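So you know, we letter chains A, B, ... as the sequences are listed, proteins then strands, and number each from 1. Worth knowing before you read on, the calculation uses all heavy atoms, side chains too, and leaves out hydrogens, waters and symmetry mates. These numbers were taken from a predicted model, which means no experiment stands behind them.
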Amino acid sequence: MSSSAGAGTDTVAALARRGLVKQTTGAEALGRLLGEREVTFYLGIDPTGPSLHAGHLVGLLAMAHLQRAGHRPVLLIGGATARVGDPSDKDDMRPLLPVETVSRNAALMQRQVGRFIDLERTVIVDNAAWLADLGYLDFLRDIGRHFSVNRMLSFEAYRRRLQTGLSFLEFNYLLLQAYDYLVLHREHGCRLQIGGDDQWANILAGVDLIRRVEQAEAHALTWPLVTTADGKKMGKTAAGALFLDPERVSPYQFYQYWINVPDADVAALLALLTLLPDEEVAELGRLRDQEIMAAKERLAMELTGMVHGPEEAAGARETSRALFGGRGDRHGERDSMPGATLPAAELEPGIPVADLFARTSLCASKSDARRLIQQGGARINDTRLTRVEETIGLGDVRGGELVLRAGKKRFFRFLVQ
RNA sequence: GGGGAGAUUCCCGAGUGGCCAAAGGGGGCAGACUGUAAAUCUGUUGGCAAAGCCUUCGCAGGUUCGAAUCCUGCUCUCCCCA
């Protein structure tokens, strides 16, 4: 047990200060346990998508905190449960995923998780190992008998779904997750499961199952579901989820997401999603008005650094400063701005601006490009375009490139060759 | 299995024969104001060779000069009963 992390009885309190605690199976009992010994705990992630996204960050940070406090993480990849779908917090049924997709996703996720916790000291398991070949009759007899349908139906998660429809398949998710916990308890001595508060019922089901079957005590800890101050789901961008995979969301875009977070969320996010010391979080959280940009920059740096590495983070910061800060040189933008090459031959006769914009990710269609220009949102090399009919030729190229811009924040670079 | 309701543009939701590329709201995008924030105001939000043309109201046919709207079949969803 490390003594530096303020471990001991106030591990729970430390997590709570970070906003990482919503419910536990008893702060005192859990705190005592965490203070007394190295505790094996687990977090389950279902590999339903091709990449982890911002919504997974809280769990990864919670894991990181606990590992630093001297506890032993087990990462459960829900290779089997991903194919069922958790009905909690969902209005609709998930599509069933093919096996190959799930295992590919699982492999990608492990890599991303390694940024947050020390995989050398982490046990990684896939519940397909014990769920895939589970006999239905055995499961019903050994596990199913411990569950009361009456009680399950009273859970909030199910009650809501009863309005819209809930398949038997989804209804069983809770049993499977409870069984996971039991297996991990038996095989790895797992005594704590952590998760988002939407997992509370599922986790408790496991706690109960372990008590009944093993007569042993197991614990649960959930964190609040994160929403932004304006009530939206965190980590959702207009384009979709904020993925951790740089192929899907570039480090620059990732950085930009965090620097654009609403003022009202900054303090909470610093606590929740960084490993900065409490005092520093408090200090940054006090900044207001224009000064708050410093706190946002710190938040973006910390997160981008953790997810993509310090160099990428620094690059994203430089680009952002160059683009949004004072004028000056714009070398940093080169690596992170979306772009394409453009043969000089095409520019020779001149290209109508609307066509040029329509070819980029800035505009969905030519009509879209026309609208952009008509509304004064289109620029090339910092010059606002006013007429749709205008054409761009070789004479407009600056330093071998054309920088197109839509609105304040969206850029695209053509390298002219 | 029986009875009922429904499927409209990114989402919700109006529209029951022409005035409908389709009200209104949400979301998105852009402009103003700012701090790359929020709030607010304004514009915009199917595509194109653009005062015009083409594609879109679950799918496939049909009636009609004309269909999101009427008819037939199909698919799917929800509700009530079993």
Side-chain angles (χ1 to χ4, degrees), chain A residues 90-93 95 160-167 170 227-242 250-270 284-301 303-304 313 316-328 330 332-333 336-337 351-380 382-391 403-412:
Chain A
K90 289 275 187 329
D91 297 323
D92 299 305
M93 191 170 150
R160 193 153 15 95
R161 284 297 301 273
L162 285 177
Q163 307 304 314
T164 57
L166 173 68
S167 73
E170 295 171 286
T227 51
T228 55
D230 51 4
K232 288 174 199 152
K233 237 184 181 173
M234 191 198 67
K236 287 284 179 194
T237 65
L242 188 73
S250 74
Y252 168 75
Q253 290 174 299
F254 189 81
Y255 181 95
Q256 280 292 316
Y257 177 85
W258 299 108
I259 211 150
N260 275 300
V261 132
D263 286 12
D265 293 327
V266 175
L269 289 174
L270 279 166
L284 289 166
R286 274 193 292 274
L287 298 178
R288 289 288 175 272
D289 300 318
Q290 297 194 28
E291 288 182 342
I292 206 170
M293 284 309 287
K296 289 185 185 181
E297 194 175 87
R298 195 63 200 273
L299 174 69
M301 274 306 278
L303 275 166
T304 311
R317 181 177 58 191
E318 288 325 300
T319 302
S320 298
R321 283 178 175 170
L323 253 26
F324 296 102
R327 300 280 71 89
R330 285 189 161 189
E333 77 198 42
S336 35
M337 190 185 296
I351 300 178
V353 286
D355 288 318
L356 201 58
F357 270 85
R359 290 169 60 159
T360 71
S361 52
L362 302 176
C363 295
S365 67
K366 196 162 165 183
S367 298
D368 197 21
R370 284 165 166 275
R371 279 193 290 273
L372 182 72
I373 296 162
Q374 274 158 1
Q375 299 192 115
R379 288 163 204 268
I380 288 187
D382 277 336
T383 306
R384 177 173 291 191
L385 301 173
T386 49
R387 293 179 309 114
V388 177
E389 317 81 56
E390 228 166 312
T391 62
V403 176
L404 314 206
R405 178 171 160 193
K408 246 191 281 194
K409 300 180 187 176
R410 296 152 57 223
F411 296 85
F412 190 96

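B:G1 and B:A67: their C1' atoms are spaced 36 Å apart (whole Å). For the P atoms, the distance from B:U64 to B:C59 is 23 Å, rounded to whole Å. Between B:G47 and B:A37, the distance separating the two P atoms is 27 Å to the nearest Å. Comparing B:G26 with B:C19, their C1' atoms are spaced 28 Å from each other, to the whole Å. B:C20 and B:G73 have their P atoms separated by 32 Å, with the value rounded to a whole Å. Taking atom C1' on both B:G31 and B:G13, the two are 29 Å apart, rounded to the nearest angstrom. To the nearest whole angstrom, the two C1' atoms, one in B:U56 and one in B:A21, are 8 Å apart. Between B:A22 and B:G27, the two P atoms lie 22 Å apart (nearest whole Å).
Between the side chain of A:Q256 and the base of B:U36 there is at least one donor-acceptor pair of N/O atoms closer than 3.5 Å. In this model, a side-chain donor or acceptor of A:Q375 finds a partner on the base of B:G43 within 3.5 Å.
Across all strands shown, B:A5 forms a Watson-Crick or G-U wobble pair with B:U77, both key distances being under 3.5 Å. Taking a pair to require two hydrogen-bonding distances under 3.5 Å in either a Watson-Crick or a G-U wobble arrangement, B:U36 remains unpaired.
A:I292 places its CD1 atom 19 Å from the P atom of B:U34, with the value rounded to the nearest Å. The nearest whole Å value for the distance from the CZ atom in A:R317 to the P atom in B:U36 is 17 Å. Across the protein-nucleic acid pair, A:K296 atom NZ and B:G35 atom C1' stand 8 Å apart, rounded to whole Å. A:D289 has its CG atom 13 Å from the P atom of B:U36, to the nearest Å. Taking atom CD on A:Q374 and atom P on B:A50, their separation rounds to 13 Å, with Å as the unit. A:L385 places its CG atom 15 Å from the P atom of B:A30, with the value rounded to the nearest Å. In this entry the distance linking CD of A:E291 with C1' of B:A38 reads 18 Å, nearest Å. The nearest whole Å value for the distance from the CD atom in A:Q290 to the P atom in B:G35 is 5 Å.
Contacts of A:R379 with the nucleic acid, taken as non-hydrogen atoms under 4.0 Å apart, are absent. Looking at heavy-atom distances under 4.0 Å, A:A378 makes no contact with the nucleic acid at all. At a threshold of 4.0 angstrom between heavy atoms, the contacts of A:V266 with the nucleic acid are absent.
Here the side chain of A:D368 pairs a donor or acceptor atom with the backbone of A:A364 at under 3.5 angstrom. Between the side chain of A:R379 and the backbone N or O of A:G376, no donor-acceptor pair lies under 3.5 Å. Formation of a donor-acceptor pair under 3.5 Å by the A:K296 side chain with backbone atoms of A:V261 is found in this model.
A 4.5 Å side-chain heavy-atom check between A:Y255 and A:T319 finds every atom pair outside the cut-off. When side chains are defined from C-beta on, A:F412 does not count as touching A:R359, because their heavy atoms never get closer than 4.5 Å. A:F324 has its side chain within reach of A:K409: a pair of non-hydrogen atoms, C-beta onward, lies under 4.5 Å apart.
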What's touching nucleotides 46-49 of chain B from the protein side, N or O pairs under 3.5 Å?
from	atom 1	to	atom 2	distance (Å)
B:G47	OP1	A:S365	OG	2.7
B:C48	OP1	A:K366	N	3.1
B:C48	OP2	A:S367	N	2.7
B:C48	OP2	A:S367	OG	2.5
B:A49	OP2	A:K366	NZ	3.4

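Between B:G35, B:U36, B:U34, one nucleotide has an atom nearer to the side chain of A:D263 than all others, and that is B:G35. Comparing B:A30, B:G35, B:U36 against the side chain of A:L372 picks out B:A30 as the nearest. The A:R410 side chain lies nearest to B:C29 when the options are B:G35, B:C29, B:U36.
Position along RNA chain B of the nearest nucleotide to A:I259 versus A:G377 favours A:G377 as the more 5'-ward residue.
A:R387 is linked by a side-chain contact (heavy atoms from CB on, under 4.5 Å) to A:E389, A:E390, counting only residues two or more places apart in sequence or in another chain. Applying the side-chain contact (heavy atoms from CB on, under 4.5 Å) criterion to A:A406, with sequence neighbours excluded, gives A:L362, A:L372, A:R410.
Proximity of A:K409 to the phosphate of B:A37: a side-chain N or O atom is located under 4.0 Å from OP1 or OP2.
A:A267 and A:G285 get closest at one heavy-atom pair: CB-CA, 4.0 Å.
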